[in-house]
Amino acid sequence: MSELAEQTPIEQETPIESATHSVISTPSNKAERDDEKYGSDDIDAEVNPEVVEIPKRPASAYVTVSIMCIMIAFGGFVFGWDTGTISGFVAQTDFLRRFGQKHHNGTHYLSKVRMGLMVSIFNIGCAFGGIILAKSGDIYGRKMGLIIVVCIYIVGIVIQIASVKAWYQYFIGRIISGLGVGGIAVLSPMLISEVSPKHMRGTLVSCYQLMITAGIFLGYCTNYGTKNYSNSVQWRVPLGLCFAWALFMIGGMTFVPESPRYLVEVGKIEEAKRSIALSNKISADDPAVLAEVDNVQAGVEAEKLAGNASWGELFQTKNKIFQRLVMGCMIQCLQQLTGDNYFFYYGTIVFKSVGLEDSFQTSIVIGVVNFFSTFFALYTVDRFGRRRCLLWGAATTTVCFVIYASVGVTRLYPNGKDQPSSKGAGNCMIVFTCFYIFCFATTWAPIPFVINSETFPLRVKSKCMSLAQGCNWLWGFLISFFTPFITGAINFYYGYVFMGCLCFSFFYVFFFVPETKGLTLEEVNTMWEEGVLPWKSTEWVPPSRRGADYNVDGLTKDEKPLYKRMFGRA
């Protein structure tokens with residue numbers, strides 16, 4: 001039962017395909033690999049003409065369910081809002097006066113330790129919240145679980161707003177609000193994936209990332225609007241708005257359907273039928289709804305029979321579980337090592353150092369670019385594939401950091417750091433920062449989460465994803481905590497550190513990350529078990545669609561020289 005609560009997007013499809021053939025035979029995946037040659041309906045008919053599928057309707061028919069999923073995805077806005085506002089708080093005069101320390105000349109400042117802790121401890125709270133509080137979705141349901149974690153988030157906000165001069169009180173408040181956001185980060189995408197129509201699931205789940213960028217952008221705008229005040233309005237108003245976002249999300253939960261998977265799990269079959277019917281705009285008595293409920297029931301029973309997986313199973317190499325776990329953790333670590341939080345958390349401070357009179361304006365520009373670029377990600381992830389997007393993302397962001405760091409090191413201070421900076425060099429750095437944000441938002445921002453949701457088999461999926469997500473939060477903490485120290489020591493040379501990590505990311509993706517676009521979770525599992533080489537994974541065909549002359553062994557070994565592997569077909 002606990003395993004089920006921690007499942008992630010698209011997981012609902014797995015039991016349908018891997019454990020329910022006795023209930024209903026499911027069609028082959030409607031992958032884009034074959035859609036170019038055949039109509040998807042024709043493929044289904046050829047594979048199994050008896051399949052009863054929920055009919056697809058025009059996009060206009062799903063406006064209601066799309067709005068409901070966006071309301072659930074609003075949990076991402078809560079996380080993005082924190083990221084956007086805290087970057088401004090650490091530069092606000094009243095915030096520094098209350099929670100900072102004094103120089104000998106009477107000016108206030110935040111020490112590197114205090115700043116690093118106040119910014120980064122939120123990530124530690126998120127890590128524990130994702131592991132501990134996400135179980136509330138299994139006990140009380142996804143909707144009630146979200147309401148619970150949002151309430152915990154509110155408690156943390158109250159503690160922060162009530163802080164007067166004690167920086168450690170604000171620090172504690174950020175830990176508690178982080179616990180709530182960590183729970184939201186698990187339950188929100190989970191609920192979206194379980195209530196959305198199958199053919200819209202990827203886009204609707206991606207709305208969570210879109211809402212994160214919207215929160216960052218509006219957080220920047222709010223900081224800009226309050227920066228001219230000289231009192232606690234500077235930071236208490238942005239924090240106070242968190243109540244509005246939390247109440248909006250709690251209210252929105254009353255309109256969205258409960259997860260049919262949870263309803264089946266607790267024996268509420270009729271409610272599960274109504275939930276599926278509402279999401280897919282069909283009658284609750286439709287044969288397709290009944291078939292879907294049967295599939296979910298079979299999947300739930302299969303999970304109960306399998307029992308809980310032990311942590312020791314994660315280190316088995318027989319079914320490539322350990323290899324997948326390492327890959328998932330590495331992808332999540334490398335997402336943080338792209339350097340995005342260097343700009344998001346410390347944007348105002350970074351651009352103040354390039355000589356801008358109003359670095360808050362630059363933060364707004366970053367927020368705009370990040371927000372609108374994410375719309376492209378909704379298209380590129382499924383159009384070009386996970387692997388290709390990550391490779392291009394690593395390559396383009398590497399170029400951005402090379403130019404950003406080189407200009408900062410060699411051209412920003414032509415007459416020494418005690419003299420005014422070069423405006424032209426500063427503008428160049430801002431331009432390539434924006435280009436970096438565009439490249440990151442369309443590739444490395446959403447795709448690591450997509451890959452992890454598709455990689456692990458059902459039995460160990462929740463544990464593997466918990467560890468992978470934990471790696472992401474851990475590196476988020478390390479980068480946000482140590483950035484003030486590192487920039488203080490090496491300044492813009494820090495960009496070369498991220499450049500090196502991005503170069504490593506390119507090679508890691510090429511050699512260890514297979515393409516999973518257009519495959520069902522069962523087919524992804526089969527591909528891993530067959531040992532297909534990642535750079536040949538785009539040529540892999542699922543067993544149900546293989547011809548007599550198909551040679552899977554050719555995809556498990558490669559005698560080509562390294563340069564031909566790299567510059568051949570990826």
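The first residue of the sequence shown is numbered 1, and numbering continues consecutively from there.
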Any side-chain heavy-atom pair from [X] and [Y] closer than 4.5 angstrom?
X	Y	value
Leu117	Arg174	no
Cys464	Leu314	yes
Leu334	Tyr508	yes
Val149	Ser136	yes
Trp444	Val509	yes
Tyr436	Val399	no
Gln335	Ile331	no
Ile175	Ile124	no

Closest approach of [X] to [Y] (non-hydrogen atoms, all atoms of both residues):
X	Y	value
Gly183	Leu133	CA-CB, 4.5 Å
Cys501	Leu337	CB-O, 3.5 Å
Pro238	Asn223	CG-OD1, 4.1 Å
Ser537	Met527	CB-SD, 4.0 Å

Nearest 0.5 Å, what's the [atom1]-[atom2] distance between [X] and [Y]?
X	Y	atom1	atom2	value
Glu539	Leu533	CD	CG	10.0 Å
Leu146	Arg142	CG	CZ	10.0 Å
Tyr208	Phe77	OH	CZ	12.5 Å
Cys400	Ile437	SG	CD1	9.5 Å
Ile192	Met71	CD1	CE	12.0 Å
Thr338	Met499	OG1	CE	14.5 Å

Counting only N and O atoms by type, is there a donor-acceptor contact under 3.5 Å from the side chain of [X] to the main-chain atoms of [Y]?
X	Y	result
Ser188	Ala185	no
Arg386	Ile447	no
Gln160	Tyr170	no
Gln336	Trp475	no
Asn472	Cys333	no
Lys143	Val256	yes
Thr374	Ala377	no
Thr397	Ala394	yes
Glu515	Pro534	no
Ser373	Asn370	no

Around atom [atom1] of [X], are there more than 12 heavy atoms from other residues, nucleotides or ligands closer than 6.0 Å?
X	atom1	answer
Phe432	CZ	no
Phe485	CZ	yes
Phe171	CZ	yes
Arg114	CZ	yes

Under 6.0 Å from the ring centre and within 45 degrees of the ring axis: does the NZ or CZ of Arg387 meet both conditions for the six-membered ring of Phe510?
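Yes - Arg387 lies over the ring of Phe510, closer than 6.0 Å to its centre and within 45° of its axis.
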
Would the [X] and [Y] ring centres measure less than 6.0 Å apart?
X	Y	value
Trp473	Phe79	yes
Phe492	Tyr496	no
Phe375	Tyr379	no
Phe507	Phe512	no
Phe498	Phe401	yes

When you check the side-chain N and O atoms of Trp528 and Gln323, is any donor under 3.5 Å from an acceptor?
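Gln323 and Trp528 do not have a side-chain donor-acceptor pair below 3.5 Å.
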
Under 3.5 Å side-chain donor-acceptor pair for Arg324 and Asn525:
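Short answer, yes.
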
Can you name the residues that form a side chain to side chain donor-acceptor pair (under 3.5 Å) with Tyr494, not counting sequence neighbours?
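Applying side chain to side chain donor-acceptor pair (under 3.5 Å) to Tyr494 gives Thr483.
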
Please evaluate residues Leu467 and Leu325 with respect to the criterion side chain to side chain contact (heavy atoms under 4.5 Å, CB included), reporting the C-alpha separation (whole Å), side-chain torsions for both, the decisive distance (0.1 Å), and the verdict.
CA-CA 8 Å; Leu467 288 177; Leu325 176 61; 4.1 Å; yes

Quick one: do Thr380 and Thr443 satisfy side chain to side chain contact (heavy atoms under 4.5 Å, CB included)? Show the steps, please.
CA-CA 8 Å; Thr380 57; Thr443 57; 5.9 Å; no

Would you call the rings of Phe435 and Phe438 parallel, tilted or perpendicular, where under 30° means parallel and over 60° means perpendicular?
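Rings of Phe435 and Phe438: parallel, as their planes differ by under 30°.
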
From the options Trp245, Tyr220, Phe74, select the one residue that forms a ring-ring contact (aromatic ring centres under 6.0 Å, His included) with Trp81.
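When Trp245, Tyr220, Phe74 are each tested with Trp81, the ring-ring contact (aromatic ring centres under 6.0 Å, His included) holds only for Trp245.
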
